[in-house]
Protein chains: 2
Amino acid sequence: MQDKILLGFLQDGEKTGYQIKKLMESSTGYFFNTSLGSIYPAFRKLEKDGMVKMKQKVTEGRVKKLYSVTEKGMECFQTWLNEEITIPKARDEVLLKIFFFSNLEPEKRREKIIFYVKQLQGMIDHLSTLKNLVEVNTSNRDEKKVNDYLNKYKIDAFRIEMLDYGVEYYIFMKKWYEDFLNRIDDVDKH
Amino acid sequence: MQDKILLGFLQDGEKTGYQIKKLMESSTGYFFNTSLGSIYPAFRKLEKDGMVKMKQKVTEGRVKKLYSVTEKGMECFQTWLNEEITIPKARDEVLLKIFFFSNLEPEKRREKIIFYVKQLQGMIDHLSTLKNLVEVNTSNRDEKKVNDYLNKYKIDAFRIEMLDYGVEYYIFMKKWYEDFLNRIDDVDKH
DNA sequence: ACTTGCATGTAAGTCGTTACATGATTGT
DNA sequence: ACAATCATGTAACGACTTACATGCAAGT
């Protein structure tokens, strides 16, 4: 999957590993983010397999390794995009803790959930801000400015959709945990 | 995390690795499920670290290795349960594909989403059935039967909550993807 | 006789992280 | 001068999966 995200980010032109890391942080960050320590070796492997080609370039005294996707890499990426999509495992540690919540004192349970709801609110705020930022920058009358903005951050309709999904997802979770808190409060009052 | 789920399942008595695998399939399965190939080595490590102790028992000609949690294991599990809970990364491959959806033909995009929505419905049906099964079995007048049932599958209020979360979670996703489908249909009509 | 389920285990491989290491440039 | 950011890389480690390997018991 690591390799697919790299090929994906190279679809609109050559980039360095560091650049991709920065793009990831500002876009896929909330659901997918990989460390530089796994990006660089991944690029080496992709190059070995003929999926990407590397071009060294010296800019402002710095040696940069620009990677671009090859024909073979394009095919590989398309194949992956075309594969049937299946439900992934949630692998959510929070759910696991709640599954074992009977082993924790009632007070502590409440504490944990209240703290978690606060964190979820923070995430909602953060993603909403990002989404608003995009909306403000794209509602400008100056079409050139809008396009420059969209291009700089590689934003398209689907990437905005992913921001929307993030907001809605965390709103759902927050609501569920708030209701859950009410339910366990009722139980504990007995 | 692997080790924590094992310690968690041992909280209500000694079990074999195989038993835990079965319990996982019928309870945490939809959000957490590990293979036997990682359960057995994990138990060995836990034993080496003094978290669990093993007792060999011969039942019906079969040699079983029953693990039980030690004092140290109890502490370790409690510490884990008490740690502040933080938002985990979603790491959802589906989101990643949609992020790169502009590289796929509009028709294929629709196909993928329609297929995914069907799968989500299947998941909703599956978890709803499980939840109903629990509800039917616990609405019995015979209290002994109810307790036997709850005990057999190690069900408590929180484990039922986790089933509820699963149902609600997949309903949320299904709705979002259905709305998403309508939105991309509108865009493609231009 | 055969398949399914119970029960355990190992080996190879994939995937990813953190920590360490280096060094240049840019802003304060 | 100093910190932050740009830019790349390696080593050690952790977590987990699949495939392989074994063997008994129970049901059909």
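Chain identifiers are assigned alphabetically (A, B, ...) following the order of the sequence lines, protein sequences preceding nucleic acid strands; residue numbering begins at 1 within each chain.
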- Task: Sequence neighbours left out, what pairs pass side-chain hydrogen bond (donor to acceptor under 3.5 Å, both in side chains) with at least one residue falling in residues 92-101 of chain A?
- Result: E93(A)-W80(B)
- Please state how far atom CG in L96(B) lies from atom C1' in dG16(C), giving the value in whole angstrom units. 15 Å
- Task: Have a look at the helix from dA1(C)-dT28(D) to dT28(C)-dA1(D) and give the angle its two end axes make, five pairs each, rounded to 10 degrees.
- Result: 30°
- Query: Can you list every pair that meets side-chain hydrogen bond (donor to acceptor under 3.5 Å, both in side chains) and has a residue in residues 3-12 of chain B, with sequence neighbours left out?
  - Reply: D12(B)-K15(B)
- Query: Who are the side chain to side chain contact (heavy atoms under 4.5 Å, CB included) partners of S26(A), not counting sequence neighbours?
  - Reply: none
Ignoring hydrogens and angles, write down the donor-acceptor pairs under 3.5 Å from the side chains of residues 38-51 of chain B, residues two or more places apart or on other chains.
{"residue": "S38(B)", "atom": "OG", "partner": "Q2(B)", "partner atom": "NE2", "Å": "2.5"}
{"residue": "S38(B)", "atom": "OG", "partner": "S35(B)", "partner atom": "O", "Å": "3.2"}
{"residue": "K45(B)", "atom": "NZ", "partner": "D49(B)", "partner atom": "OD2", "Å": "3.2"}

- Task: Could you pull out all residues at least two apart from R91(A) that satisfy side chain to side chain donor-acceptor pair (under 3.5 Å)?
- Result: none
Below 3.5 Å, can you tabulate the donor-acceptor pairs from side chains in residues 165-172 of chain B to any protein atom, sequence neighbours excluded?
none

- Note on the structure: The side chain to side chain donor-acceptor pair (under 3.5 Å) partners of D164(B) (sequence neighbours excluded) come to W176(A), K131(B)
Output a table of donor-acceptor pairs, distance under 3.5 Å, between side-chain atoms of residues 106-117 of chain A and any protein atom two or more places apart or on a different chain; print 'none' if there are none.
{"residue": "R109(A)", "atom": "NH1", "partner": "F101(A)", "partner atom": "O", "Å": "3.0"}
{"residue": "R109(A)", "atom": "NH1", "partner": "L104(A)", "partner atom": "O", "Å": "2.8"}
{"residue": "R110(A)", "atom": "NE", "partner": "D185(A)", "partner atom": "OD1", "Å": "2.7"}
{"residue": "K112(A)", "atom": "NZ", "partner": "N82(B)", "partner atom": "O", "Å": "2.4"}

- Task: Give the minimum heavy-atom separation between I87(A) and M123(B), together with the two atoms involved.
- Result: CD1-CB, 3.8 Å
- So the ring pair (Phe, Tyr, Trp, His ring centres under 6.0 Å) pairs with at least one residue in residues 1-23 of chain B (sequence neighbours excluded) are F99(A)-F9(B), F100(A)-F9(B)
- Message: For nucleotides 6-25 of chain D, give me one character per nucleotide, 5' to 3': B if any protein heavy atom sits under 4.0 Å from the base, S if the only such contacts are to the sugar-phosphate, - if neither.
- Response: BBBBB-----SBB------S
- Between residues 73-89 of chain A and DNA chain D, which residues have a heavy-atom gap below 4.0 Å? none
